[in-house]
Each structure stands twice: as C-alpha cells, then as structure tokens.
Amino acid sequence: MSDLLASAWFGSLLIPAAYFVAALVLILGLRAMSSPVTARKGIVLAGLAMGLAILVTFLHPRVGGNYLLMIVAILSSGILAWVSAKRVPMTDMPQMIALYNGMGGGSAAAIAAVELLRAGHGHDVGLLTNSIAGLGALIGTIAFSGSLIAFAKLQGWMRKVWRFPGQQYLNLLLFILTVICGVLVVIGYQHDAISLDMLLLAFFILALIVGLAMTVPIGGADMPVVISLYNALTGLAVGFEGYVLNIPAMMIAGVVVGAAVTLLTQLMAKAMNRPLTNVLFSGFGTGDDGGPADAGGGSMKAIEAVDSAILMAYAENVIIVPGYGMAVAQAQHRIWELTQVLQKRGVRVRFAIHPVAGRMPGHMNVLLAEAGVPYDLIEDLEDINDQFSQADVALVIGANDVVNPAARDDTSSPIYGMPILNVDHASNVIIIKRGRGTGFAGIENRLFTADNSRMLFGDAQKMAQELVSGVKTL
Amino acid sequence: MEGFLALYILMLAAVAGYEVIAKVPAVLHTPLMSGSNFIHGIVLVGAMVALGEAQGPLEQTIGFIAVFLGAGNVIGGYVVTERMLQMFKRSDQPKAENADAGEGA
C-alpha cells in the first residue's frame, strides 16, 4: 500500500481522475435535481460522487497525518448531522438548510484561516492566492454567522428584530474595518505593535460580527431569500478556497453552486416581488412598518365548521389555498382526507400554491407531498389565478399575506406589487385561522372582512377534522 | 494553478451553474436549494487536506474545526435533501394509493 501511495502515478493521476469524475457527476446530479422526474436519482448520484471524492482524499499525497483527528471530526459531526437531519420535521426544513449551509461557510473560512496562518509564517504562496484566500475567508465567515442567525430566527429562538437609526452606516463601517484588516493580513503587514496573528484574529471576529449585524435586522418573512443568498456565498467561498488549495473539483463544485443559487435567489426574490437590495437594506417583514390596522372598516364574519362543510360538499369547484399555518398545525393529512371525501362526492378539488407559500419557495409542495397529495391536483399561481372566479368555495388554511388583496391595489401597503392568489374572486371564501392577528409579515388583511369571506376560527388540524366529519355525515 | 487558467475554469463553472438551474420549476426550489447546499459540502475535501497538512496545535485545532463543520454540511445536507426528494412521487403513484383508500372506505 505504501509503495502504491508513494508511486507518482497514484498521486498525479488516479486521485485527480477521481476528483474529475466526482466534479462531473456532481454537476450532472445537480442537473438531475432540477426536474421532478429525475430529482431523486440526482441526489443519489451526487452522494456517490461526494463519497468518492471524500474517500480518495484520505489517500491524497498532501495529507501527511492527523488521520485520527480527521476521523474523529468526521464521525462526531457526521453522527450529529445525521441524527438531526433524520429527526427534523418537514416544516423545519428551511432552518436546517440554513444550519448546514452555515457549517459549510464556516468550514471554508477555517480552511482560509489555516492557509493565511501558514502564509503569514513564511509559507509564501503569492499575493493572488493570498487575496483569494482572504476573500473566501470573508465571504465564508459572513455566510457562517449570518446563516446561524437565520437558523435561530426561523427556529423561533430570536423573535426580536433589532433595528436602530443609522444601523446601515454602522454596518458599512464595520464592513470597511473588516476589509482593511483583511487586506493587511493578505499583504502580510508587519508591525511591532500588532502581530499578523492578532490581525488575523481581528479580521475573523469582525467578519463574524458583520454577518450577525447584517442578518439581525431582517424580518422572518424575508429569511428564505437570505438563506438562499448565504447558500450562494458559501458556494463561492468554497470555490475560492478550492483555488487556494489547488483542488479544481472543489473550485468547480463551489462556483457551480454559487452561480446556480444566485439565480435561485433572484427567482425567489422575484416571486416575492422583493428586490434583493430591499431585503438586505430595508425593514420589511419586521412588523413595525405595517402601520396601524386598516382593515377596510368592515368586521370579520365567523362561520361554524358544519356550515362550512355544507358549503363545500354541495359545491362543484373547490380550491384549497394552504399556507405555512396549515403545516405548523400538521393539518395537511386532514386536508388531504377532506379532499378525498369531497372528491367522492364529485366535487372538483384543487390546490393553489403561492410561489412563497411555506417558508421557502417549493416548501409547501414538499409538505403536501409528505401528506400524499398527488401532483396533478396542485396548481401554480399563474395557472390557477384566473380560475378563482369560477370556484364556488376557496378554502384558505393558514395562509395570510399571499392572499391579501392589498398587494393588488393598495399602493401604501408594504406588500404592494407582490403577486397574490385572487382568492377574493371566488363566490365564497372560508378562512381557517387560529385568531384575529396579522400574518407572518404583520400586515392587516382586507380579505378577512370582505362580504364573501367567512372566518372559521380554530386550530387548523381540529377544524380540518371537523370539516371531514361534517362532509361525511351529509 | 495559473491565474488565467483558473479564471477560465471559474467562468465556465459559473455558466454551467447558471444553465443547470435555469429551467427549474418552483416546485423544486426548496429541495434544489438543499441539494446545492449539499454539493458545496465538497468543502470537506479541502478541510481534510488542510487538516492533513496542519502542523502545530493551532493549525490542527482550526483544521479540526474545518473538518467538523464540513462533515456536518455534507452529511446533514445529503440526508435532508434525500428525505425531501424521496416524497416526490409521480402523480400516478399516489393515485394508485387513492384507489386503495377508496376501496377500503
């Protein structure tokens, strides 16, 4: 084995070849993941490629020791990640993505720290490589601390949105300080008063704070876009460190992800009608700019589950609009049951999904798929919006901002311009809602007081259950 | 690696990433985000090299952190993505289940 390891062809041919295959298959896997038919195959392929890349790295000629540390780190972290990933409910998926993404960013930053440390102690790699290491360190660290804050916010550990006047200027100042420290580290600045190691430490601490300070003022509603952005940043950081370490597979995989997720971030921001600059630099979704309640002057009209069941059972056309609230109440299985009993009565039932239903675009589809709802019943916003006018009943369950008519016509509303589902065009609208409060973004909803709207107050799962038994008894 | 050669690779990789995603339906946004999150877990490879080369307790500690974090990214990212995509079934499969449920009831 050691002869094999020592032989030149192994290090210079077999390992690079394995990395080459891994990079190719990772890209093909990602491609497969962008179509529902091949998605499952895509992740398995990518997993195999990753396994190959990791295994051959143990034999990498530059890996000269520390095997025990390596294995301990991989096993301990791997087991933790495995268990947490297996246990997390589907509703909490977005924050887990944020968490694992933050770990990737942190890893890239730590690699940069090792490389910059070595460069600072006589292992000269040249200015270009050093600069790229520094850039990756900056981006990776911001992605790390930012993602952790995003995780904490979605997990509900950090409810407060922390804002004060001039915050953006302070953030800018922090960022400039960080960059100055970074530049000094990269050029190997030497001075008696402050050592390079101290500068490096200051650089990383400042970068951590920048990530925190950037993310803390952003409200929960905008978190998906932010997570997506940090995902792209981590990809870039990984790509940069791949250059520094001279591992092209890492460079390619990192940059492919960086570019792909940048596009994904744009698609999401577009779906929410929130330009990225607004997400990062203005206070939407904080609940403090929705202003006083202007619910259009009307009052909400309540309805009982029995009456709702009758309305739906004798309808021809029912459209269900699920939101995150449904998933939190774990009502998706009951809703699917309701769909089935209605279908048996000959009612046409469809699901209308807003692009940002759930905590992230596509999240609601995952949740409905979990409950067993087949694809052909689920319609996107563009396909179904014209059909609400022909619907006898629209059942809104746990959704709020995505059905708020203010987005269509109230120019003063913070969500003005966001595409919404035209639920109010249906003959009857039934809204299942826990209480009378505002939605995730803290904005009043005129739909609730409209003439054709009825409120079914209560826990989503319980109400769905009552609807099912209501329809069954008819 | 030579500067400009690296730049070409970066450019081509960026174009590839953009094109690969360009036609993705909204249905898959969340799983795809998760999948791409898994793919940048290749950072573990770099972390292993960094730790493998590390000398002295400081470098070893930071290298250990790099590997620890990278492994979490890879394994967590994979499991979460696989769990989500596992549920995505073609519309004929759940329909068959419906028929069964209908007969049973």
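In what follows, chains carry the letters A, B, and so on, assigned in the order in which the sequence lines appear, proteins first and then strands, with residues in each chain numbered from 1. Just so it is clear, the values below take in all heavy atoms, side chains as well, and ignore hydrogens, waters and symmetry mates.
Taking NE2 of B:His29 as the start and CG of A:Leu267 as the end, the distance is 5.0 Å to the nearest 0.5 Å. Atom CZ of residue A:Phe144 and atom CG of residue B:Leu69 lie 6.0 Å apart, to the nearest 0.5 angstrom. Note that the CG atom of B:Leu85 and the CE atom of A:Met33 stand 7.0 Å from one another [nearest 0.5 Å]. Separation of atoms OG (B:Ser36) and CD1 (A:Ile97) is listed at 8.5 Å; rounding is to 0.5 Å. Interatomic distance, CG of B:Asn37 versus OH of A:Tyr230, reported as 15.0 Å (0.5 Å rounding). Distance check: A:Leu30 CG to B:Ile21 CD1 gives 4.5 Å after rounding to the nearest 0.5 Å.
Between the side chain of B:Asn73 and the backbone N or O of A:Met103 there is no donor-acceptor pair closer than 3.5 Å. With A:Ser77 contributing its side chain and B:Gly72 its backbone, the two residues share a donor-acceptor pair below 3.5 Å. When atom types are taken as modelled, the side chain of A:Arg62 and the backbone of B:Gly52 share no donor-acceptor pair closer than 3.5 angstrom.
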Report task. For the pair A:His363 and B:Met84, evaluate side-chain contact (heavy atoms from CB on, under 4.5 Å) and give the outcome as yes or no after the intermediate values. Result -> CA-CA 10 Å; A:His363 190 200; B:Met84 276 194 265; over 6 Å; no

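Per-residue heavy-atom pair counts under 4.5 Å with chain A were compared for B:Ile65, B:Val49, B:Val74, B:Leu12, and the maximum is reached by B:Val49. Of the residues considered (A:Val257, A:Thr262, A:Val261), A:Val257 shows the highest number of contacts with chain B, using heavy-atom pairs under 4.5 Å. Counting heavy-atom pairs under 4.5 Å between each of A:Gly29, A:Gly254, A:Ser228 and chain B puts A:Ser228 at the top. Ranked by heavy-atom pairs shorter than 4.5 Å toward chain A, the options B:Leu58, B:Ile39, B:Val67, B:Leu44 are led by B:Ile39. Between chain B and the options A:Glu370, A:Glu241, A:Arg118, the largest number of non-hydrogen pairs under 4.5 Å is found for A:Arg118. Of all the listed residues (A:Val114, A:Leu99, A:Asn101, A:Val72), the one sharing the greatest number of non-hydrogen pairs under 4.5 Å with chain B is A:Asn101. Of all the listed residues (A:Asp380, A:Leu28, A:Val88), the one sharing the greatest number of non-hydrogen pairs under 4.5 Å with chain B is A:Val88. Of the listed residues A:Ala113, A:Ala259, A:Ser76, A:Gly126, the one with more heavy-atom pairs under 4.5 angstrom with chain B than any other is A:Ala259. In terms of heavy-atom pairs under 4.5 Å with chain A, the best-connected choice from B:Gly70, B:Ala66, B:Gly77, B:Gly56 is B:Ala66.
Across A:Ala85 and B:Gly76, no two heavy atoms sit closer than the pair CB-O, 3.9 Å. For the residue pair A:Asn66 and B:Ala54, the shortest heavy atom distance occurs at ND2-O, 3.3 Å. Taking both residues in full, the closest heavy atoms of B:Ala47 and A:Ile111 are given as N-CD1, 3.3 Å, listed atom of the first, atom of the second, then distance. Closest of all the heavy-atom pairs between A:Ala253 and B:Ile42 is CB-CG2, 3.7 Å.
Checking B:His40 against A:Asn231 by side-chain atom types alone, a donor-acceptor pair falls below 3.5 Å.
Contact annotation: the side chain of B:Leu51 never approaches that of A:Tyr67 to less than 4.5 Å [non-hydrogen atoms, C-beta and beyond]. Using a 4.5 Å heavy-atom cutoff, the side chains of A:Ser34 and B:Leu28 are not in contact. No side-chain heavy atom of B:Val20 sits under 4.5 Å from any side-chain heavy atom of A:Val256. Between B:Leu10 and A:Tyr243, every side-chain heavy-atom pair lies at or beyond the 4.5 Å cut-off. Inter-residue side-chain proximity for A:Met90 and B:Arg83 is flagged as met; some heavy-atom pair is nearer than 4.5 Å. Between A:Leu80 and B:Phe68, some side-chain heavy-atom pair lies under the 4.5 Å cut-off. Counting heavy atoms from C-beta on, the side chains of B:Pro31 and A:Val366 come closer than 4.5 Å. Taking the side chain as every heavy atom from C-beta outward, A:Met50 and B:Tyr78 never approach each other to under 4.5 Å.
Neither the backbone nor the side chain of A:Glu382 comes within contact range of chain B, judged by heavy atoms closer than 4.5 Å. Proximity to chain B involves both the backbone and the side chain of A:Val44, based on heavy atoms less than 4.5 angstrom apart. Proximity to chain B (any heavy atom under 4.5 Å) is shown, for A:Met250, by both the backbone and the side chain. Of the atoms belonging to A:Ala249, heavy atoms from both backbone and side chain fall under 4.5 Å from chain B. Contacts between A:Ile54 and chain B at a heavy-atom distance below 4.5 Å involve backbone atoms as well as side-chain atoms. Neither the backbone nor the side chain of A:Pro94 comes within less than 4.5 Å of any heavy atom of chain B.
A salt bridge does not link B:Glu19 to A:Arg31: none of the charged nitrogens lies less than 4.0 Å from a carboxylate oxygen.
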